[in-house]
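Computed from heavy atoms alone, side chains included, the values below leave out hydrogens, waters and symmetry copies. Every chain is numbered from 1, with letters handed out A, B, ... down the list of sequences.
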Number of protein chains: 2
Amino acid sequence: MAVTLKQIADKVGVHPSTVSRVLTGRHENFSVGEALRARILDAAKEMNYVPNELARGLRLQKSHTIGIVVPDILNPLYAGLVRSIEKENINERYSFLICNTDEDQEKEIKHIEMLRNKRMDGLLIVPVQKKMDHIKALWAENYPFVLILRRFEKLTTNAVVMENAQDAYKAVEHLIKLGHRRIGFVRGRRTSYEIQGRERGYRSALAAYHIAVDPRCIVGDGCSADDGYAAAKELIKQSNMPSALLVSENVIIVGVLEALFEAGLSIPYDVSVVSFADMTFSPFFSTPLTTISMPIDQIGKESMQILLKQMASPEIHLGRIKTLSGNFIIRKSTHKAFGS
Amino acid sequence: MAVTLKQIADKVGVHPSTVSRVLTGRHENFSVGEALRARILDAAKEMNYVPNELARGLRLQKSHTIGIVVPDILNPLYAGLVRSIEKENINERYSFLICNTDEDQEKEIKHIEMLRNKRMDGLLIVPVQKKMDHIKALWAENYPFVLILRRFEKLTTNAVVMENAQDAYKAVEHLIKLGHRRIGFVRGRRTSYEIQGRERGYRSALAAYHIAVDPRCIVGDGCSADDGYAAAKELIKQSNMPSALLVSENVIIVGVLEALFEAGLSIPYDVSVVSFADMTFSPFFSTPLTTISMPIDQIGKESMQILLKQMASPEIHLGRIKTLSGNFIIRKSTHKAFGS
DNA sequence: TATCTTGAGGAAAACGTTTTCTAGCAAAGA
DNA sequence: TCTTTGCTAGAAAACGTTTTCCTCAAGATA
């Protein structure tokens with residue numbers, strides 16, 4: 001069906017290799033007469049030649065494609081990440097194959113297997129982090145990849161992560177300084193790297209100000225809006241509900257807001273709220289949200305740059321770990337505690 | 001580097017074709033002894049065999065990949081679309097290569113060229129719609145594809161689109177029935193299919209109720225939040241600003257809200273707002289938004305189903321056009337006009 | 001005149017699969 | 001005993017490129 005080099009060659013009356021050389025512009029150690037060159041170019045255009053990247057890829061051992069594995073592209077955090085990765089794709093050398101895991105470990109494993117089958121030149125992964133054998137395998141085989149937002153303590157791979165503990169610490173400290181003593185933590189997936197870091201920060205901030213941690217103040221385990229909704233409900237029904245909340249993730253906050261709204265609680269008068277969040281919309285919520293927002297553009301940029309370097313020399317383990325801090329932005333959703 | 005069929009074959013002492021047959025499970029017209037079969041399977045596992053999809057693709061003339069071209073994956077509308085397309089990917093037969101055009105026609109042309117080079121089995125496209133030659137070419141060559149949300153009147157390709165005019169009509173009618181007479185239209189990109197349909201609907205609703213269209217009420221041309229912001233500003237500074245607004249697109253509304261907020265205008269008391277929108281967040285804005293929301297899941301599902309059919313028989317032009325209606329959801333951002 | 005360079009292009013292998021065609025051999029049927 | 005059938009497996013071509021190694025003539029050089 002599709003036109004091949006050979007067909008062009010036949011039409012022009014020349015060898016396929018010559019056509020290849022003209023079309024790819026490779027004249028090193030080689031030269032083609034101007035006239036012939038022009039004839040080949042014309043024929044290719046006329047015949048609507050579409051180079052077969054599958055064949056090129058097989059020969060060149062390169063797919064010119066990078067695999068991206070994220071939890072859910074519908075989460076603006078990850079969509080933004082993808083866009084910022086794209087921006088570092090100088091000269092549009094690569095295209096991107098995107099996979100969603102929905103935080104499902106088995107899906108991730110299958111996706112990565114598929115990406116390897118399709119011979120991605122490199123992988124950018126936000127890992128689910130329940131298992132690490134398949135990541136270890138990549139590492140052992142010098143397959144170029146960079147972990148994003150999450151990494152394995154026991155494995156020194158390339159990674160770009162956040163200062164989660166520190167970021168959470170700052171947020172909680174802010175609440176404490178506003179006079180809050182009972183501060184809730186709406187947690188995301190307990191097993192995930194960011195959340196564990198953020199919980200550590202939450203705990204150490206309380207400890208620093210000599211406030212005991214009430215386990216009933218820590219709720220939730222999951223990363224959907226529904227999970228946030230359920231977790232907030234649990235908090236709301238408690239007799240001495242926290243006067244302030246730290247919400248640990250982007251999408252969860254939507255559910256928390258819904259629960260608060262449903263319960264007729266007003267922000268920040270009934271409850272102060274700080275959230276890790278990265279939605280363009282945060283400022284337009286009924287009460288503009290005080291947030292810790294991530295430097296998504298920078299995360300994408302660093303990740304891609306490391307990956308490019310790693311792809312350039314796969315045999316050398318860079319083991320680059322870049323750690324970035326979030327931006328704490330105070331808006332209207334936090335207020336002095338009324339007792340103080 | 002990577003293990004090949006031949007290496008497995010050598011190790012087991014058998015021909016590569018036999019290995020291929022065992023590993024792909026193709027035993028039609030063929031059979032392999034149980035013992036040998038097991039030995040091959042073992043060897044493959046032990047040697048960590050990763051099939052080369054590039055080679056398979058070349059041989060089979062299939063990439064098992066579908067190209068998706070959208071304006072911007074960061075727009076929840078398109079991210080949702082991608083996810084719903086994925087849901088129709090039964091048995092995970094395909095993976096998806098995603099390209100963003102940013103509504104730039106040249107980018108779209110380049111992306112589609114690249115997708116053809118990489119031999120995508122099919123294409124799902126939200127076209128920029130300034131040029132159509134490259135789409136026509138796909139069509140002429142029986143390349144399987146489906147246009148989404150936008151289509152060319154002059155080209156009967158597969159497409160899944162919305163009843164834009166009708167949807168806008170309903171929204172405007174709602175405003176008119178609330179007593180509004182001066183109704184603004186914050187337009188998106190003038191050249192795009194949806195926007196033209198929506199403008200038609202806007203105009204015909206006004207006409208149906210004998211309200212003259214004031215060209216000053218129609219503002220904007222662009223699809224970013226900034227465009228919405230600028231357009232709303234323009235409306236706000238007018239002496240007789242409209243008492244109600246129809247906002248034509250998803251992301252634009254964020255800018256409009258910002259402008260309104262900045263001008264100290266309250267919704268719906270100073271101005272009623274209806275928007276085409278598809279964000280999970282709409283209900284949580286300072287005033288929950290009355291919206292026309294699209295059945296994204298259905299759009300993705302229909303698109304993928306049509307594409308699958310088209311891929312199954314590329315030589316037959318299905319020319320299927322599916323038209324869907326939006327859901328009009330009344331929330332709190334619209335109110336009776338105060339004059340009435 | 002004999003040898004060397006240089007410019008122009010061809011031949012063929014290789015990348016890793018899949019699939020069609022062929023073939024050996026044993027058991028079964030005639 | 002001779003042919004057929006069924007099971008098992010190998011050989012080789014093909015998919016569409018790229019690239020290394022040739023070849024061959026013409027002009028330059030010694």
Other residues, nucleotides, ligands: >12 heavy atoms within 6.0 Å of A:Lys107 NZ
yes
Checking all strands, does B:Leu60 fall into the base, sugar-phosphate, or nothing category for heavy-atom contacts under 4.0 angstrom?
sugar-phosphate
Charged N to carboxylate O below 4.0 Å: is that the case for A:Lys131 and A:Glu106?
yes
For the side chain of B:Asn52, starting at C-beta, report the closest nucleotide among D:dG16, C:dT17, C:dG9.
C:dT17
Return the value, rounded to whole Å, for the distance between atom CD1 of B:Ile40 and atom C1' of C:dT17.
15 Å
Rounded distance (Å) that lies between atom P of D:dC15 and atom CD of B:Gln61:
8 Å
Quickly work out the A:Met47 CE to D:dG16 P distance and round it to whole Å.
13 Å
Among D:dA11, C:dT17, D:dT17, which nucleotide has an atom closest to any side-chain atom of A:Arg56?
D:dT17
For B:Ser20, report the nucleic acid contact type (base, sugar-phosphate, nothing); a contact means any heavy atom under 4.0 Å.
base
Rounded to whole angstrom units, what separation is found between the CD atom of A:Glu53 and the C1' atom of C:dG16?
17 Å
Comparing B:Leu58 and B:Pro16 on DNA chain D - which has the more 5′ nearest nucleotide:
B:Pro16
How long is the line joining NZ of A:Lys6 and P of C:dA11, in whole Å?
11 Å
Measure from NE2 on A:His15 to C1' on D:dT17 and round the result to the nearest Å.
12 Å
What integer distance in Å separates B:Leu54:CG from D:dC15:P?
17 Å
Please report, rounded to the nearest Å, how far the P atom of C:dG9 is from the CZ atom of A:Arg37.
12 Å
May I ask you to check whether over 12 heavy atoms, not counting those of B:Arg83, lie within 6.0 Å of atom CZ?
yes
Measure distances between side-chain N and O atoms of A:Arg21 and base N and O atoms of D:dT20, and say whether any donor-acceptor pair falls under 3.5 Å.
yes
Is it the case that the side chains of B:His134 and B:Glu108 hold a donor-acceptor pair, with the cut-off being a distance below 3.5 Å and no angle test?
yes
Using only heavy-atom distances, determine whether the side chains of B:His317 and B:Asn158 contain a donor-acceptor pair under 3.5 Å.
no
Answer with base, sugar-phosphate or nothing: what part of the nucleic acid does A:Thr18 contact at a heavy-atom distance below 4.0 Å?
sugar-phosphate
Would you say B:Gln7 places a side-chain N or O within less than 4.0 Å of OP1 or OP2 belonging to C:dG16?
no
